[in-house]
Amino acid sequence: MTKLVALPIPFSAGENQRIVYPVIASDAKHTVLIDTGFPGQLPLLQEAAAKEGIALENLTHIVITHHDMDHIGSLAALKRTFPRAQVVSSAIEADYINGSKKSPRLELAEQRAASLPPAEQQGALAYVQMLKSVERIEVDKTFKEDELLPCFGGVLIISTPGHLPGHISLYFEKDKTLITGDAMTMENGKVAMANPQYTLNMPQARESVQQFLKYDIEKIICYHGGVFEGDGHKAIEEALANS
Ligand SMILES: [Zn+2]
């Protein structure tokens with residue numbers, strides 16, 4: 001039987017304490033972590049997984065939905081600690097994860113810093129430095145579009161560009177569970193479209209979310225916001241209508 005859980009990983013954003021939700025799926029054969037939190041969060045991931053009775057020592061795969069720093073932050077540390085785990089992503093994101101291509105997120109941050117008067121650049125430049133400091137690592141395997149992974153009763157990789165160009169989401173068929181990554185968020189118990197502020201291509205992001213309506217969904221896990229349980233179709237349609 002598959003154990004499929006969101007791991008609440010806290011982080012501080014200025015004065016506020018927030019939470020991101022990497023997901024871990026585990027059965028007798030596979031243990032798969034989806035996204036890895038910020039840099040330095042490996043101990044928190046281990047602790048959160050242990051609370052669910054899952055040992056990261058058993059990790060077989062680490063799936064990355066996209067290369068933003070809150071998703072790949074602890075990836076290099078995880079791979080060093082658990083080298084048996086295969087790192088997987090889309091082919092597009094693999095080039096950003098390994099650093100062979102310059103991240104569009106970094107490019108935007110640099111443009112923003114350059115557009116500010118020198119006296120106001122400090123925060124923007126610190127953000128640029130932070131993005132640059134994230135450790136880069138090779139991806140072991142890339143997905144083809146709409147590939148079906150032969151584990152947990154079938155896991156569909158859905159190409160969901162928009163937030164970033166090679167973004168993917170995952171659909172666990174047997175569990176009727178959608179892992180959105182950052183294609184959607186959850187606020188006040190409701191799923192919503194990705195935050196336009198951090199989305200590179202909003203029309204593309206909407207098209208990506210529309211694809212989710214093809215699937216029978218009873219549970220949605222958003223990296224920012226956590227777990228929604230109920231009528232997935234209705235929730236996604238509402239999110240599209242409200243954006
Ligand atoms: Zn993101």
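Just so you know, these numbers use all the heavy atoms, side chains as well, and skip hydrogens, waters and symmetry mates. We count ligands from 1, going down the list as the structure has it; atoms in each ligand are counted the same way. All of these numbers come straight from a predicted model, not from anything done at the bench.
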Run the ring-centre check on Y215 versus Y171 and record whether the distance is less than 6.0 Å. yes
So, T31 versus T60: side-chain donor-acceptor pair below 3.5 Å or not? no
May I ask you to decide if the ring planes of Y96 and H67 are parallel, tilted or perpendicular, using 30° and 60° as cut-offs? tilted
Measuring to the Zn ion (ligand 1), does D182 have an N/O/S atom at a distance below 2.8 Å? yes
At a threshold of 2.8 Å, where the distance has to be below it, does the Zn ion (ligand 1) have an N, O or S atom of H167 nearby? no
For the Zn ion (ligand 1), does an N/O/S atom of H71 lie at less than 2.8 Å? no
For H163, the option from T180, N195, D182 that meets side chain to side chain donor-acceptor pair (under 3.5 Å): D182
Taking the Zn ion (ligand 1) as the vertex, measure the angle between atom NE2 in H163 and atom NE2 in H66; round to 10°. 100°
D68 atom (N/O/S) at minimal separation from the Zn ion (ligand 1): OD2
Under 4.0 Å between a side-chain nitrogen and a carboxylate oxygen: does that hold for K176 and E229? no
